[in-house]
Peer 1: 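What follows is a structure written as structure tokens; I'll ask about it next.
Note that the structure is predicted; figures quoted are calculated from it, not measured.
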Amino acid sequence: MCTSQIRKQLHEYIETAEDDKLRAIYTLLQNGISDSYELTKDQRDELDRRYHDHQNGVGQSFTWDETLAMAKQALVK
């Protein structure tokens with residue numbers, strides 16, 4: 001069985017599983033579940049570079065409204 005099939009079956013099972021089974025599954029997986037996300041060094045370096053460029057007026061940045069408009073326009077194409 002491929003990963004996407006396993007993921008689909010687990011999603012379906014979780015939607016209908018009894019509370020005690022959900023708690024048991026969560027207990028098994030809780031060490032791998034994290035509320036925070038750590039960036040890799042390369043990701044952090046890229047964000048720092050972009051922030052530095054933005055602070056110095058280099059590069060292009062967009063407001064949230066502009067970003068939404070561009071995303072909507074891309075979906076139309």
Side-chain angles (χ1 to χ4, degrees):
M1 181 180 303
C2 71
T3 303
S4 63
Q5 291 171 319
I6 293 170
R7 186 172 280 122
K8 183 179 181 214
Q9 283 189 343
L10 284 172
H11 278 278
E12 290 171 0
Y13 179 76
I14 288 171
E15 291 298 319
T16 60
E18 298 170 6
D19 290 349
D20 59 330
K21 290 182 180 170
L22 285 175
R23 285 188 185 87
I25 292 168
Y26 182 80
T27 299
L28 287 171
L29 300 175
Q30 74 185 39
N31 287 341
I33 298 173
S34 174
D35 290 337
S36 63
Y37 177 77
E38 298 270 335
L39 296 174
T40 66
K41 181 180 180 335
D42 288 342
Q43 290 170 326
R44 183 66 192 174
D45 289 346
E46 178 64 17
L47 287 175
D48 288 343
R49 183 192 65 75
R50 290 182 188 193
Y51 179 75
H52 181 265
D53 286 352
H54 174 74
Q55 292 295 98
N56 292 308
V58 179
Q60 194 172 15
S61 58
F62 304 95
T63 67
W64 181 244
D65 289 335
E66 290 169 329
T67 303
L68 285 177
M70 287 185 287
K72 289 176 182 178
Q73 183 63 29
L75 288 174
V76 173
K77 291 181 180 180

Peer 1: Within a 6.0 Å radius of atom CD on Q5, are there more than 12 heavy atoms belonging to other residues, nucleotides or ligands?
Peer 2: yes

Peer 1: Could you pull out the closest heavy-atom pair between L47 and L39, with the gap in Å?
Peer 2: CD1-CD1, 3.5 Å

Peer 1: Can you list the residues that meet the salt bridge (Lys or Arg N to Asp or Glu O under 4.0 Å) rule with K41, with sequence neighbours excluded?
Peer 2: D45

Peer 1: Please identify each residue that fulfils salt bridge (Lys or Arg N to Asp or Glu O under 4.0 Å) with R23, with sequence neighbours left out.
Peer 2: none

Peer 1: What distance do Q30 atom CD and I25 atom CD1 have between them, rounded to the nearest 0.5 Å?
Peer 2: 13.0 Å

Peer 1: According to a hydrophobic-cluster definition based on side-chain heavy atoms being under 4.5 Å apart (Ile, Leu, Val, Met, Phe, Trp, Tyr only), do Y26 and L29 belong together?
Peer 2: yes

Peer 1: Going only through I, L, V, M, F, W and Y residues with side-chain contacts under 4.5 Å, is there a path from M1 to L10?
Peer 2: yes

Peer 1: Looking at R49, I'd like to know if its CZ atom is crowded, meaning that more than 12 non-hydrogen atoms belonging to other residues, nucleotides or ligands lie closer than 6.0 Å.
Peer 2: yes

Peer 1: Could you check E12 against E15 for side chain to side chain contact (heavy atoms under 4.5 Å, CB included), going step by step and ending with a plain yes or no?
Peer 2: CA-CA 5 Å; E12 290 171 0; E15 291 298 319; 5.9 Å; no

Peer 1: If the test is side-chain contact (heavy atoms from CB on, under 4.5 Å), which one of E46, H52, H54 qualifies with R50?
Peer 2: E46

